[in-house]
Structures are given as C-alpha cells and as structure tokens.
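Everything numeric in this text was worked out from a predicted model, so none of it was measured. Below, all heavy atoms of this structure are taken into account, side chains as well, without hydrogens, waters or symmetry copies.
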Amino acid sequence: MKKYLIAVLTIVFLSTNISCSSDDSNDSTPSIIGKWRAEKFDYYTNGEFDETVINVEDNTNCPDYVEFKSNDTYVSIENDANCNSTVDESGTYVYNGTTIINNSGGSTTVLTVISLTSSDLKYDFTETSSEGVSYKTVGYLKKIN
C-alpha cells in the first residue's frame, strides 16, 4: 500500500511539474501593466443608456493616461496642451483577472474587467447613490506602451 501511495504521489508530482514547466508558460496572457489612455466612456442610469463620451486630448502627442506599475501601484497623469504633466491620482491596485481594485486616499474603487487584450481594456464601474439610483460607466482604454 505504501509503495502504491508513493507511486501515485510521484505521478501527481511529475504531471504537475510537467504541466507547469516553463515550456508551457502562457506568455500571451494580457497584462494591465503599462500606460493606458481613455478612448471613450458609455454612461448608464438605472440600466438605461444615457450617452457615449469620446475622449478628446488637449494634445495628441501627450495624452492623459493611467499607468499600472508592476509593483502594484498606479498613477493617473493629466497633460495639458503644452504637455505639462500633473498627477491626478495615485495609489495601489490589485488585479485578480476579473477586477481591478484601486485604493487611493482612503477610498476604494472596484472596476470589473469586461475584456482585456494586449492593446485594449474595457471595464465596468457601477455605483449606487444613497437614493438608490444606479450609475454605470463602461470605460474603453487603449494601451500606449
């Protein structure tokens, strides 16, 4: 019985190590790490579509962006027409494959990732007012680096 158990554990161990070897690494998995500029936002109230707002930059050579860094921090940068940068917001984040949880200045924001590719990020942010009104924003971001 003991030999049988050792054999089974050896097979499980080997199959786990083989399936997780570096040859099978999934380098094609998109990452949120990098700089992302907003393209447009869709706004909804109580599930009803209100409007789409297309993001227009002051200067297309230096767009506003949010940067998710590999050390789990983020920074939101605003650029004026002369490309002078200002930090709009910064903090920490956690990305678990389905949500991005931002922590900044004592408040937490949870974004639900609808889709993520190597060049596009689409998310949903929903909040409910104290009066029970539901506001939803769907953001479309494009990776710029």
Side-chain angles (χ1 to χ4, degrees), residues 6-145:
I6 291 172
V8 170
L9 291 175
T10 302
I11 290 169
V12 170
F13 175 77
L14 288 175
S15 65
T16 303
N17 284 338
I18 290 169
S19 67
C20 295
S21 69
S22 62
D23 293 339
D24 292 340
S25 67
N26 190 358
D27 293 334
S28 64
T29 302
S31 171
I32 66 166
I33 295 172
K35 295 178 182 176
W36 300 84
R37 69 173 169 79
E39 290 195 312
K40 71 176 185 171
F41 298 96
D42 292 336
Y43 295 99
Y44 300 81
T45 303
N46 288 331
E48 296 291 322
F49 176 75
D50 291 326
E51 66 177 328
T52 294
V53 175
I54 305 295
N55 191 46
V56 178
E57 298 291 344
D58 292 332
N59 184 334
T60 56
N61 292 321
C62 51
D64 299 341
Y65 64 89
V66 61
E67 180 178 12
F68 293 102
K69 300 179 182 185
S70 61
N71 65 353
D72 299 331
T73 63
Y74 76 95
V75 62
S76 177
I77 301 293
E78 288 188 7
N79 288 300
D80 65 16
N82 296 317
C83 295
N84 295 315
S85 298
T86 304
V87 174
D88 181 48
E89 181 180 328
S90 64
T92 60
Y93 75 92
V94 174
Y95 174 61
N96 65 12
T98 57
T99 58
I100 302 170
I101 303 168
N102 295 337
N103 296 299
S104 176
S107 67
T108 300
T109 303
V110 178
L111 307 174
T112 302
V113 175
I114 298 169
S115 62
L116 174 63
T117 68
S118 60
S119 61
D120 296 291
L121 170 61
K122 181 179 175 183
Y123 70 85
D124 168 344
F125 172 68
T126 303
E127 60 185 338
T128 303
S129 72
S130 58
E131 294 83 26
V133 178
S134 173
Y135 297 100
K136 175 179 170 177
T137 302
V138 176
Y140 299 80
L141 307 180
K142 179 70 79 178
K143 198 166 201 176
I144 58 174
N145 76 338

Please confirm whether the backbone N or O of [Y] pairs with a side-chain atom of [X], one donor and one acceptor, at under 3.5 Å?
X	Y	value
Asp64	Asn79	yes
Ser129	Glu131	yes
Asn82	Asn84	no
Lys143	Ile33	yes
Asn103	Thr108	no
Thr117	Ser119	yes
Asn145	Lys35	yes

- Over 12 foreign heavy atoms within 6.0 Å of CD, Glu51: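 Counting other residues, nucleotides and ligands, CD of Glu51 exceeds 12 neighbours.
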Measuring from [X]:[atom1] to [Y]:[atom2], what's the distance to the nearest 0.5 Å?
X	Y	atom1	atom2	value
Tyr43	Thr52	OH	OG1	9.5 Å
Asp88	Glu78	CG	CD	4.0 Å
Asn59	Cys83	CG	SG	4.0 Å
Asp120	Ile114	CG	CD1	12.5 Å
Ile77	Glu89	CD1	CD	11.0 Å

Looking at side-chain heavy atoms only, is the closest gap between [X] and [Y] below 4.5 Å?
X	Y	result
Ile100	Leu121	yes
Val75	Lys69	yes
Glu39	Leu141	no
Val133	Asn46	yes
Ser134	Thr126	yes

- Task: Return yes if a side-chain donor-acceptor contact under 3.5 Å exists between Tyr140 and Asp42, otherwise no.
- Result: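 A pair is found: one side chain offers a donor N or O, the other an acceptor, under 3.5 Å apart.
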- Item | Flag for Asn102-Ser104: side-chain donor and acceptor within less than 3.5 Å |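 There is no such pair between these side chains.
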Considering all heavy atoms of both residues, which atom of [X] and which atom of [Y] are nearest to each other, and what is their separation?
X	Y	result
Tyr44	Gly47	CD2-O, 4.1 Å
Asp124	Lys136	OD2-CE, 3.2 Å
Tyr65	Ile144	CB-CD1, 3.9 Å
Tyr93	Thr73	CE2-O, 3.2 Å

- Trace of the side-chain contact (heavy atoms from CB on, under 4.5 Å) decision for Leu116 with Tyr95: CA-CA 12 Å; Leu116 174 63; Tyr95 174 61; 3.4 Å; yes
- Name the orientation class of the two ring planes belonging to Phe68 and Tyr74 (parallel below 30°, tilted from 30 to 60°, perpendicular beyond 60°).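 Judged by the thresholds at 30° and 60°, the geometry between Phe68 and Tyr74 is tilted.
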